[in-house]
Amino acid sequence: MSYCSYLNSMSGPRKELHKSYHDNQYGFPIHNDDELFARLILEINQAGLSWETILKKQDTFRAAYDNFSIKKVAEYQENDRERLLNDPGIIRNRLKINAAIENAKTILKVQQEFGSFEKWLDSHHPKSLAEWMKLFKKTFKFTGGEIVNEFLMSIGYLPGAHSTNCEIYHKTLEAKPAWNRK
C-alpha cells in the first residue's frame with residue numbers, strides 16, 4: 001500500500017499529522033544542506049519504529065540537534081551524547097546518536113569537496129537504489145537499504161513517494177525532483 005493510500009485510511013489528528021508531511025514535504029526536493037541532514041537523521045531514527053513516532057517528535061529532534069545545524073552537530077562532544085541519550089523527546093539510541101554526529105562530520109567533508117551536500121547528491125545522480133545503497137554504506141553511518149531508499153525518495157532523488165493518481169504527485173513534479181529532471 002502506498003503512503004498516499006495509507007493516508008486515506010486514517011482519520012482525526014493522526015491523519016492531520018501524516019497529511020501535513022505527505023502534502024508539503026514528502027517527495028519534494030530540499031535545497032538546504034541542514035534540512036537534507038535533518039531528513040537523513042529523521043530517517044535513521046525511524047529505523048525499527050513507525051514514521052508516525054518520528055513525525056510526533058520532529059520538533060523535539062530539531063531542538064535537541066540545534067536545528068540540525070551540520071556544523072554544530074559535527075562539534076558535539078561526549079556531554080552532548082549524554083544530553084541526547086537523556087532527552088525523552090527524541091529516540092535515545094546510542095548508535096543513532098553517534099551516527100548523527102559522525103554523519104555531520106562526513107557532510108562537512110563532502111561540503112568542502114563538492115560545495116554542498118546537495119551537489120554531492122547531484123554528482124552521483126542518477127543511480128539505481130542498489131548503487132545508492134552501496135555509496136551510502138561506504139560514506140555514512142547507519143544507512144541501510146530502507147533508510148537510503150526512504151531518504152532519497154523523500155527528497156526527490158528516487159521516484160515512488162506518491163502514486164501517480166495522488167494530487168500531490170503533480171505538485172512534486174512541478175518542484176522538479178531529481179528523478180524527473182530532463
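We count residues from 1, following the sequence as given.
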When you look at Arg181 and Asp122, which way does the salt bridge (charged side-chain N to carboxylate O under 4.0 Å, His left out) test go after all the steps? CA-CA 11 Å; Arg181 287 186 201 147; Asp122 284 342; 3.2 Å; yes
Please lay out, stage by stage, how His22 and His162 fare under the test ring-ring contact (aromatic ring centres under 6.0 Å, His included). CA-CA 9 Å; His22 172 273; His162 297 276; 4.4 Å; yes
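Lys19 is linked by a salt bridge (Lys or Arg N to Asp or Glu O under 4.0 Å) to Asp23, counting only residues two or more places apart in sequence or in another chain. Every residue two or more places apart in sequence or in another chain that forms a side chain to side chain donor-acceptor pair (under 3.5 Å) with Asn98 is listed here: Arg81. Every residue was checked against the salt bridge (Lys or Arg N to Asp or Glu O under 4.0 Å) condition with Asp34, not counting sequence neighbours, and none meets it.
Both Ile90 and Leu17 belong to a single network of hydrophobic side chains, linked directly or stepwise wherever heavy atoms of I, L, V, M, F, W or Y lie under 4.5 Å apart.
In summary, Lys119 and Glu113 do not engage in a salt bridge, as defined by a charged side-chain N under 4.0 Å from a carboxylate O. Using a 4.0 Å cut-off between charged nitrogen and carboxylate oxygen, Asp80 and Arg83 count as a salt-bridge pair.
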Contacts under 3.5 angstrom, residues 39-52 side chains, donor-acceptor by atom type, not counting sequence neighbours:
unit_1: Arg39; atom_1: NH1; unit_2: Ser154; atom_2: O; d: 3.0
unit_1: Arg39; atom_1: NH1; unit_2: Ser154; atom_2: OG; d: 3.2
unit_1: Arg39; atom_1: NH2; unit_2: Gln25; atom_2: OE1; d: 3.4
unit_1: Asn45; atom_1: ND2; unit_2: Ile41; atom_2: O; d: 2.9
unit_1: Gln46; atom_1: NE2; unit_2: Leu49; atom_2: O; d: 2.4
unit_1: Ser50; atom_1: OG; unit_2: Thr53; atom_2: N; d: 3.1
unit_1: Ser50; atom_1: OG; unit_2: Thr53; atom_2: OG1; d: 3.0
unit_1: Glu52; atom_1: OE1; unit_2: Arg14; atom_2: NE; d: 2.5
unit_1: Glu52; atom_1: OE1; unit_2: Arg14; atom_2: NH2; d: 3.4
unit_1: Glu52; atom_1: OE1; unit_2: His18; atom_2: NE2; d: 3.2
unit_1: Glu52; atom_1: OE2; unit_2: Arg14; atom_2: NE; d: 3.4

Which atom pairs, one a donor and one an acceptor, fall under 3.5 Å between side chains of residues 142-150 and the rest of the protein, sequence neighbours left out?
unit_1: Thr143; atom_1: OG1; unit_2: Phe136; atom_2: O; d: 3.2
unit_1: Glu150; atom_1: OE1; unit_2: Tyr26; atom_2: OH; d: 3.0

Can you give the donor-acceptor pairs under 3.5 Å from side chains of residues 123-134 to other protein atoms, not counting sequence neighbours?
unit_1: Ser123; atom_1: OG; unit_2: Trp120; atom_2: O; d: 2.7
unit_1: His124; atom_1: NE2; unit_2: Trp120; atom_2: NE1; d: 3.2
unit_1: His125; atom_1: NE2; unit_2: Ala178; atom_2: O; d: 2.9
unit_1: Ser128; atom_1: OG; unit_2: Glu131; atom_2: N; d: 3.2
unit_1: Ser128; atom_1: OG; unit_2: Glu131; atom_2: OE1; d: 3.3
unit_1: Glu131; atom_1: OE1; unit_2: Ser128; atom_2: N; d: 2.7
unit_1: Trp132; atom_1: NE1; unit_2: Lys127; atom_2: O; d: 3.3

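Side chain of Thr106 to main chain of Glu102: a donor-acceptor pair is present (N/O by atom type, distance under 3.5 Å, no hydrogens or angles). With Asp66 contributing its side chain and Ser69 its backbone, the two residues share no donor-acceptor pair below 3.5 Å. Judged by distance alone, with hydrogens and angles left aside, the side-chain atoms of Ser9 form a donor-acceptor pair with the main-chain N or O of Tyr6 at under 3.5 Å. A side-chain donor-acceptor contact under 3.5 Å links Asn103 to the backbone of Lys141.
Considering Phe68, Tyr157, Phe37, Phe140 as possible partners of Phe117, the one that fulfils the ring pair (Phe, Tyr, Trp, His ring centres under 6.0 Å) test is Phe140.
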